[in-house]
Amino acid sequence: MDWDEFAGWGARISEWAAHYHQTIADQPVRAQTQPGDIARQLPDTPPDAPDGMAQILDDFERIVMPGITHWQHPRFFAYFPANAAPPSMLADFLVTTIAAQCMLWQTSPAATEVEGVMVDWLRQAMGLPAGFTGVIQDSASSATLSAVLTMRERATGFTGNRDGLNGKGNLRIYCSDQVHSSIDRACWVAGIGQENLVKLPTCGARFALDTEALKAAIAADRAAGHQPAGIIAVTGATGVGAADELPGIAEIAAREGLYTHLDAAWAGSAMICPEFRAEFWPGVAQFDSIVFNPHKWMGAQFDCSIQFLRDAQPQLDTLKIEPEYLKTSGSPVTNYSEWTIPLGRRFRALKIWFLIRAYGLDGLRTRIRNHVVWAEEICEVIRNMGGFEIVTDPILSLFTFRCPGDDDRQQRLVDALNNDGRIYLTQGLHNGRKVIRFQVGQFDTTRDHVMMAADVIAEVHASLA
Ligand SMILES: *Cc1c(COP(=O)(O)O)cnc(C)c1O
């Protein structure tokens, strides 16, 4: 393909993209294909001869698109959102086009410098004090793994990387029983082990980590000869949006000398609104590491996860490695690959720059505030639907409910709704009972899209045998 042809196809694809988004609401939200439907249509062996681009794109529409679940659909209420605002898509198209590896300052100074400024813009937008720095990672899972590795190294006097963990006893990490599975996996991969991730009960209306239980667990572990290494808190957990009380956790961590990490992967975006900060984030400035995903609620196309660090040095002491081939000469610069596990890096800051400039923080705040209000409104409608039960009230824009009947009935309703296709919801487990999650957060959803879901739920529920 030469570059003139590329320009032609690029124009065709951007027209296709606009049309896709203009008509997305006509599609069923969740893909309606069965396992194997797509793979069956692909040849078993790769072609020896080239195909024309027209044919390739036709096959893309015919074979691939029916197997796509539409995450940018305005009636996507499942999981958490993975918003991709149009300006952020355009930025990512530019990044794809430039295709630079932004591992060192030298390998694209603009990428490093825009990243530094964007992390600082977001620091200010989220009310974190000056002094916090940070880095853009691919996912919250990677940021959490980085923080857990830092807990491990700090607790072992930075000898784990060199000597391994043999003979170092049990390092212990504490969190509530609401945390995301990425915390478990970080502990597996870091060599801490599942048994040393101490999951504690929660209390209160927002299912916050019980700090009395935390104190008791740390004391018991010390008495047993274990070594406490860190605490992981959450603002807006995946199940029902659990949010920890940060000041109490920070105080215990300070007293015990423990490293702290806060997982705000979803809810962090809402902290650009001062009222939500006042509600959820007192004490946040005491945390050592904080992760949130602009690629969820805020609207920066996946992937884009920000990790803020109160002091970057412990993480650098944990992850930095500098073989000869990565050394650069000249004045000291920031090389962000030293802050993270992967070496190679995309230029992820560009989509944040485009996003924030195209909407302004006020535009982004308005969307988030609307989502929270609409979630509260539809929650009330469902509460008043005969026999339906609100299991957990909205925490920001997430609540959970049950229809009349047992757990099996909940799953049957979710499946029937997703087969119907007008809306997309997923289930969760809360206090051992199956619940249906409802979150409002798609970037361009409207109040009508949200409120319509109540009618769909009632109608599909009525049609269940
Ligand atoms: C989505 C989510 C994660 C995982 O985020 P990735 O970026 O997909 O790794 C972790 N924690 C919470 C609370 C989440 O909502």
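Just follow the structure's listing: the first ligand is 1, and inside any ligand the first atom is 1.
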| task | Determine the sole option in F388, W374, F438 for which the ring-ring contact (aromatic ring centres under 6.0 Å, His included) test with F399 is passed. | result |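 Looking at F388, W374, F438, the match for F399 under the ring-ring contact (aromatic ring centres under 6.0 Å, His included) is F438.
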Cation-pi between [X] and [Y]: NZ/CZ under 6.0 Å from ring centre and within 45° of the ring axis?
| X | Y | answer |
| --- | --- | --- |
| R206 | F280 | yes |
| R30 | F76 | no |
| R367 | F443 | yes |

| Considering only heavy atoms, which protein residues lie less than 4.0 Å from any atom of ligand 1? |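 Residues near ligand 1: F80, S139, A140, S141, H180, S182, G236, T238, D263, A265, W266, N293, H295, K296.
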| task | Mind jotting down which residue pairs meet the salt bridge (Lys or Arg N to Asp or Glu O under 4.0 Å) criterion with at least one end in residues 175-191? Sequence neighbours excluded, please. | result |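 Those involving residues 175-191 are D184-K199.
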| field | Exercise: do T144 and S141 side chains pair donor with acceptor under 3.5 Å | value |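 T144 vs S141: no donor-acceptor pair found between side chains.
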